Amino acid sequence: MANTFIIEPQSGEQLAQDLKLGRRASRSGGLFQPELLKAALGQSVLMLRPDVQWKNPVMFVVEIGTVLTLIYTVAKAAGYESAASLNYLVALDVWLVLTLLFSNFASALAEARGKAQAESLRKTRQETPAQLLRNYRKNGPADFEHNDWRPEWTDSSRLQAGDVVLVEAGHVIPSDGEIVAGVASIDESAITGESAPVIREAGGDRSGVTGGTRVLSDRIVVEITAAAGSTFLDRMIALVEGASRQRTPNEIALTLVLAAFTFVFLMVTATLWPMASYVEHYMTGFNGTPVRSLGTDVPTLVALLVCLIPTTIGALLAAIGIAGMDRALRANVLAKSGKAVEVAGDVDTLLLDKTGTITLGNRHATQFVPFGNYSPGQLAYLAALASGEDETPEGKSIVDLYRQLRTSQAADGDYGNATVLVPPGAKFIPFTAQSRMSGVDLPNEKALRKGAPDAVIKYVDQKGGALPSGLKARINSVASKGATPLLVAEGSDVAGIVVLEDVLKPGIADRFQRLRQMGLRTVMITGDNPLTAAAIAKDAGVDDFLAEATPEAKLAYIRKEQAEGKLVAMMGDGTNDAPALAQADVGVAMNSGTQAAKEAGNMVDLDSDPTKLIETVEIGKQLLMTRGALTTFSIANDVAKYFAIVPAMFAGTLPWLKTVDVMNLHSPTSAILSAVIFNALIIPLLIPIALKGVKYRPIGADALLRRNLLIWGLGGVVTPFVGIKLIDIAMVALHLAV
Amino acid sequence: MLQFQVWTLPVLILTATTALAIPLSRYLAWIMDGHFAPPKPLTWIEQRLDTGAQNWKQYAVSLLLFNTVMFVFGFVVLTLQPVFGLNPDGKGMLAPTTIFNSAISFLTNTNLQHYSGEQHLSYASQIFFVCWNMFVSASVGFCALAAIVRALRGDARMGNFYLDMWRVVAYIFVPAALVMGILLLADGVPMTLHGGASATTVEPGGMGSNDAGQSQPQQIARGPVAAIIPIKHLGTNGGGFFGANSAHPFENPSAWSNMLTVVNYCLFPFALVLMFGRMLKKMRHAWMIFGVMMSIFLAMTGWAIYWDTLQPNPGLAGLPVDQHLGNLEGKELRFGTSAGAAFAAGTTAITCGSVNCAHDSLNPLAGITPLAGMWLNCVFGGKGVGLINMLLYLIIGVFIAGLMVGRTPEYLGKKVEAREMKLAMLALLVHPILILMPTGLFIASDWGAKATNNPGAHGFTEVLYEFSSASANNGSGFEGLGDTYGNNDNPNPAPYSPNWDIATGLVMLFSRFIPIVAPMALAASLAAKKPTPFTVGTMRTDTLTFGLVLLGTIIMVGALLFLPVAALGPIAEHLGPTPFGG
């Protein structure tokens, strides 16, 4: 018998998954929705303001150059003598301004998308009436019927942190908070999109509620933890909108590199002016007649500068950062900062909770092991009887297994043939944390119990029954296979063991394989004993496990990993997870978790889906890759631009440099304009890449580097040769080239 | 035979040098890691010098302090030349600007010579200024590299500058120079403190006659040449005892000594790359760097030989001249036909700056090779600093390519972030800026335009070359520039030579010390970080793929910046009519 087996997701789960995907698809929409485009277009003109451009050194230099070119154009129109024609200068102006606009458009579009995203979240934040309880004493008894709370209607916008409100069925929770009394089912679909209501109750780890969600049944008393406008969600929305977006460390480093490149190219072009003037001087002496070249024409030098400095990545850098946050949001993960998303890409170790992440939440009965005179069928029947009214998934699975066996082994009378399992008059004994067993007292006074082995053994002892020989050994052998033994007792007799097994999530081993290829170590966190944990860890294919995990053990494990220089990501929901969430480099708190957990982590998963960590890591990696790819592309582009512009600049003085022009462009001005146009057009063409991100593939760093070098490095060298030539051909065809 | 001489010989020399560099690198790492226990008197000296382990700031301050003292010392020695003694030929004092230039030039391992050794320097200056500086300036770069390697491998301290200096000079350069000196002596290089020899020419009046009608004897300059030449090459200094440098028969008497010379200047730069790997315990990584350097080195040498030795001299086209041996103008044929071009490629890539042919007379396109060698400044490069420059390219390559694998870039397990990039860009970009800015300034003004012997593209190259050589701390000259003032009492100095003295002096100074100090800060910054473990998600820096990344970075960041000036200089000269201008 395999000690675990994989089952297909239940239909209900499947449905929820479909719903989520459908909603995400509808929310993401196309990259270029008309209303977003319109907003972004207007914004890109406004963003021409120098104080906005100043933040982006590359584009700021372009703006200065554009102004300089405009001045020269006006001067030329007014009769200033220059080697360039007026038409050429005007065309240059237009394309330089377009370069700026395209760059602004990229950031504006990313921001508009973020805003649209934020808007859909903000809809949940509308003003709602709230019943403020001025008289509520936090530590007093919570009696919903008899109290002196004196509810007072107020507006959600007036609530302060620390206020206590009463929310009743049908009402919207006015702001983020923590339940201090009561239990309620809550519809969180406004936030998570999940249609199934969730249970939230005071105490424990599921006490957090989010503003904008609706109480469906019962009522709760909520202590507000954030004033309106400063809730977790509000802060996230501000980040996504870009208003309070701070540049991440990596973005700062890259901006620095780009600024340095810009500076050195500025030097290259600025020093070209005196050199070109020297060439004019000696060629004039050589020819005997004055010669001019575009090399001393300032607008042309600006054109060269704009083509050489990394405008492509400079224009898209902000958009890439915003889009990264946005992608996280689309995955229903709210990051507290762009840095958190970026760090996720660097994570080395993932701490994953066993339950819900690696295994399906519940254990299933897989086998009945009878003792003494009991046959398997009898044991199954007794176990099913004992679980007849047990609504826990484990209990239901025992009944299911019994029914299954009865159908397949109908010939065996032992399985009984009662259609009504629990006879009338039976008294169900529920599971309690003290007794650690449940069961049923049948009318014929036979008591059935099932539960943790030590609890049942104690029960049997008390009844004066004898324990079958080899019981302990059997129990241990079940545990060592990663399964959980339940003992079933009929009166004072031990009938046998029900084997409960963890069920791995479908495809989980493949996911871990994928993570390993990404270079991540996975660690399973479980409350199980080491034997069971080891068996499940082996089946799931995780790299390590932490058994009998306490919050302290988790914290210690994270610290140990970090001491080795590793970055650790973990997911948690409980208050006792908070220290570990804070210690982890990436702490994802589940939205269903407590406020303390949410405050401690640096991301919140609105879906409360424990596998989200994996997605988060990929989003982080994508963000960094997109930056690297577009930087490489941008710099690689320079080769072709040099070959187009340098010979063109000196065509007037050193016509033989034409040999260097491998693209054989039509004329000096068409060559320079083609390069400038290519440089401008590549920006909007790459916006989709910037917003969607370069696809991450878990194929190992070396293969990934080879792949991206080929696409973005080699592609970056070749594309502009083709592009510039095509633009030149088009200009000639349209009779625009002089 | 011709093919052997043109291609096989350079390849054999490089192969032999690589073979020698492997055991040498072991010795270097052994010395720099302090495993050598010297005899007692030397231990006593070491104890006096060792002021304790230093952090990067202390190390850098010690290094700069030492260099300041050396600058003052050099300045004083040159200024006092007329009264110092050991001056059998009674050399006078150089112009102050030339002293300034030379003091910096030798301090910075550049050995740009705006003077001519046999005309302007006394033996005292040759020994106490030139020879002394050749030993210590080479050691400074060596020490800086050793300090950086220690930081990169995670040592808490960078070592002690004074102790490092002692070890490099006493245990590495002095023994090596002694061995080479003996080999050169055997080949006929002079070693004497007597003044110039006076010889009666075979042809009476061959050197002219005096007023009384008697034949003038020929004055043959000589001196303690064999003491200086070994360290000139072993330390990639390149400053000649004579103005003609390694083309002079007393510096480089034969094809054999020429081969020795090439092996000498290649040996330590090759071995240092491998020492880097040994000290880091990352030999694969070191061989990757070595491979990238060697491929550029071979490409540049091949380019020079192809365009110079295998192509005719365009200036002689149409004249009844047999050009099947290639361009022979400005070559010393006793070394072989390709020896000039191959030597030019090596001496600039390795920033030695010694020359055995007139770079001015290389065919225009072949002239790109020495220029490119100095522009890149990392193809083995100068002692220590060449590899430091390569590490800067490597950091930039790591940063950009590292992002493409979806992680914060790491080098040797340390995250490369804003501070590191700031320092790397600063150190790397000083070099192109200090070439392009003064070239633009000089070429557009009389300082440059009136100082060149040849107007037009060739004159442009002369100016460009001079600043490239100064900024790369190379020291070779394209020549053809009026940059020599001569003695202070020279009645007819080249008019703009003080401008050249001061400008190149400043360029040498800044492009020496900024790219030494900034990388030290960078390495210290990396050293202070916690190492990240290596996973399959980590980009490896010892693979062929990364070699290509590094090569691409060098070409994109290092070479392309100079494409416009290359077009205006050698390319325009090659493509244009000969000669234009006039």
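Every value quoted in this text rests on a predicted model; they were computed, and no experiment measured them. Numbers restart at 1 for each chain; the letters A, B, ... are given by sequence-line order, proteins then strands.
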Most contacts with chain B, counted as non-hydrogen pairs under 4.5 angstrom, among Gly295(A), Ala629(A), Ala260(A), Ala701(A): Ala701(A)
Contact class of Lys529(B) relative to chain A, heavy atoms under 4.5 angstrom: neither
Winner by heavy-atom pair count (cut-off under 4.5 Å) against chain A, out of Glu410(B), Met421(B), Met425(B): Met425(B)
Leading residue by heavy atom contact count with chain B [cutoff under 4.5 Å; candidates Thr659(A), Val617(A), Ile252(A), Ile699(A)]: Thr659(A)
When Lys415(B), Lys530(B), Met404(B) are compared by non-hydrogen pairs under 4.5 Å with chain A, the top option: Met404(B)
For chain B, the option from Leu704(A), Val717(A), Thr631(A), Leu705(A) that forms the most heavy-atom pairs under 4.5 Å: Leu705(A)
For chain A, the option from Ala418(B), Gly552(B), Ala444(B), Pro533(B) that forms the most heavy-atom pairs under 4.5 Å: Pro533(B)
Choice from Gly519(A), Gly345(A), Ala270(A) maximising heavy atom contacts with chain B below 4.5 Å: Gly519(A)
Test of ring centre spacing under 6.0 Å for His458(B) and Phe478(B): yes
Greatest number of heavy atom pairs closer than 4.5 Å to chain A - which of Leu568(B), Thr532(B), Ile433(B), Thr535(B): Leu568(B)
Pairing of Glu420(B) and Lys414(B) as salt bridge, 4.0 angstrom limit: no
Chain A contacts, top residue of Thr538(B), Ile571(B), Val557(B), Leu560(B) (heavy-atom pairs, under 4.5 Å): Leu560(B)
Contact class of Phe562(B) relative to chain A, heavy atoms under 4.5 angstrom: neither
Engaged part of Met539(B) at the chain A interface, taking heavy atoms whose separation is under 4.5 Å: both
When Thr255(A), Asn250(A), Asn287(A) are compared by non-hydrogen pairs under 4.5 Å with chain B, the top option: Asn250(A)
